[in-house]
Protein chains: 2
Amino acid sequence: MSVPCICTTLRSASRRMIAFYDETIAPVGVNIAQFSLMRSIARVEPVTLTALGRRVELDRSTVGRNVRVLEKMGLVELGRGEDQREATVTLTEAGHKVLEDGAPLWDGAQKSLEDRLGVEFMRQLHTALDSL
Amino acid sequence: MSVPCICTTLRSASRRMIAFYDETIAPVGVNIAQFSLMRSIARVEPVTLTALGRRVELDRSTVGRNVRVLEKMGLVELGRGEDQREATVTLTEAGHKVLEDGAPLWDGAQKSLEDRLGVEFMRQLHTALDSL
DNA sequence: TCTCGTAACGGGCATATACCCGCAACCCAT
DNA sequence: ATGGGTTGCGGGTATATGCCCGTTACGAGA
């Protein structure tokens, strides 16, 4: 075989990395998808589900559902925008705290990867993945 | 920020690539996860769920469920091994046909990526991802 | 041979993710 | 102001994925 399927490789690597980050971030009570989404919310809150979905490149319905899980956990609040159709999301205090507490854990994971792989390698990998 | 989070980047790239390959392989009626799993099965059939799971680095229960979907689609058959605990999987004729029909589509996707990104780049990316 | 530890499943539970449909709110042009 | 196209959601449906628990089958040692 010439080049192994990049999709399979990518999915596999993604699962491994998710497991690694999930474990890393677990102490604050969320998984990496939730933590990542909350970080996105923090940057633009209050934000509508559709806008958030576009930002994180996820289907709107996916964002809606994931956000509702966070709402049950008390980490975000849902409200209505001026446009009555819009559902807006904002982080609660607890949500902000999770981000704060999780940041060093996240950084630690990042650091441990950098130590193992090298900053330059990771930078290149990041650029490569973004080009896909 | 120094290096952007490789996990987020990876998850995002993975979703995009899955979407791309799903679309590519759709004409034969399966998604890329199913196609990929079937290819793995083809290489070692008959195989037990646990062995297959180890091979593709997926939880045994995940493999079991995914295989059952394929079974409902008539693409694989489940049986019992000598060890009565073991559930063995084999591809049906229809399953083999899907692999045959899907191969050129899969190759086409691979080729189109190679054209866009270059073989060398993809080789390196593959190596990089495997090292994660 | 009987027992106990281990291995393989199946099912339950939860999240992530996408697509589609239908409803309600909005907005623009007539 | 009203009718029609557009936009934003929620819910339904389906797959992918992981973890945990209970059951059953095996196998090795007493």
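Note on naming: letters A, B, ... go to the chains in the order of the sequence lines (proteins, then strands), and numbering restarts at 1 for each one.
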A:Glu71 CD to C:dA14 P, in whole Å, measures 17 Å
Distance below 4.0 Å between B:Gln84 side-chain N/O and C:dC9 OP1 or OP2 = no
Under 4.0 angstrom, heavy atoms only, what part of the nucleic acid is A:Leu58 near: base, sugar-phosphate, or nothing?
-> sugar-phosphate
Do B:Val63 and B:Val89 come close enough that some side-chain heavy atom pair is under 4.5 Å?
-> no
How many Å lie between CG on B:Leu37 and C1' on D:dT17, as a whole number?
-> 13 Å
Closest nucleotide among D:dT17, D:dG10, C:dT17 to the A:Arg65 side chain = C:dT17
Classify every nucleotide of nucleotides 3-8 of chain D by which part a protein heavy atom approaches to under 4.0 Å, writing B for the base, S for the sugar-phosphate alone and - for neither, in 5'-to-3' order.
-> ----BS
Sugar-phosphate only, base, or nothing, as touched by A:Glu23 at under 4.0 Å among non-hydrogen atoms = nothing
Is the base of C:dC19 touched by the side chain of A:Ser61 through a donor-acceptor pair closer than 3.5 angstrom?
-> yes
According to a strict under-4.0 Å criterion, is A:Arg80 in side-chain N/O contact with OP1 or OP2 of C:dA25?
-> no
Under 4.0 angstrom, heavy atoms only, what part of the nucleic acid is A:Asn31 near: base, sugar-phosphate, or nothing?
-> sugar-phosphate
Do B:Thr127 and B:Arg123 meet the criterion of a side-chain donor-acceptor pair at a distance under 3.5 Å?
-> no
Distance-only donor-acceptor pairs under 3.5 Å for side chains of residues 68-78 of chain A, two or more places apart:
none

Does any pair with a residue in residues 91-103 of chain B pass side-chain hydrogen bond (donor to acceptor under 3.5 Å, both in side chains), and if so which ones, sequence neighbours excluded?
-> B:Glu45-B:His96, B:Lys97-B:Asp101
In whole angstrom, what separates B:Arg68's CZ from C:dC9's P?
-> 11 Å
Please answer whether the main-chain N or O of B:Phe121 pairs with a side-chain N or O of B:Gln124 as donor and acceptor at a distance below 3.5 Å.
-> no
Using atom types as modelled and distance alone, determine if a side-chain donor or acceptor of A:Ser131 lies under 3.5 Å from a backbone N or O of A:Ala128.
-> yes
Presence of A:Asn66 side-chain N/O under 4.0 Å of C:dT15 phosphate oxygens OP1/OP2 | no
Of A:Glu82 and A:Gln34, whose closest DNA chain C nucleotide lies nearer the 5' terminus?
-> A:Gln34
Rounded distance (Å) that lies between atom P of C:dG11 and atom CG of B:Leu78 | 12 Å
Which nucleotide in the set C:dC9, D:dT17, D:dG10 lies at the smallest distance from any side-chain heavy atom of B:Thr62?
-> D:dT17
In whole angstroms, the gap separating P of C:dC13 from CG of B:Asp59 amounts to 17 Å
Does the side chain of B:Trp106 come within less than 4.5 Å of B:Ile32's, by heavy atoms?
-> yes
May I have the distance from B:Asp22 (atom CG) to D:dT15 (atom C1'), rounded to whole angstrom?
-> 10 Å
B:Met17 CE to C:dT17 P: how many Å, rounded?
-> 17 Å
From CE of A:Met38 across to C1' of C:dA16 the rounded distance in Å is 16 Å
Is the closest side-chain heavy-atom distance between B:Thr48 and B:Asp83 below 4.5 Å?
-> no
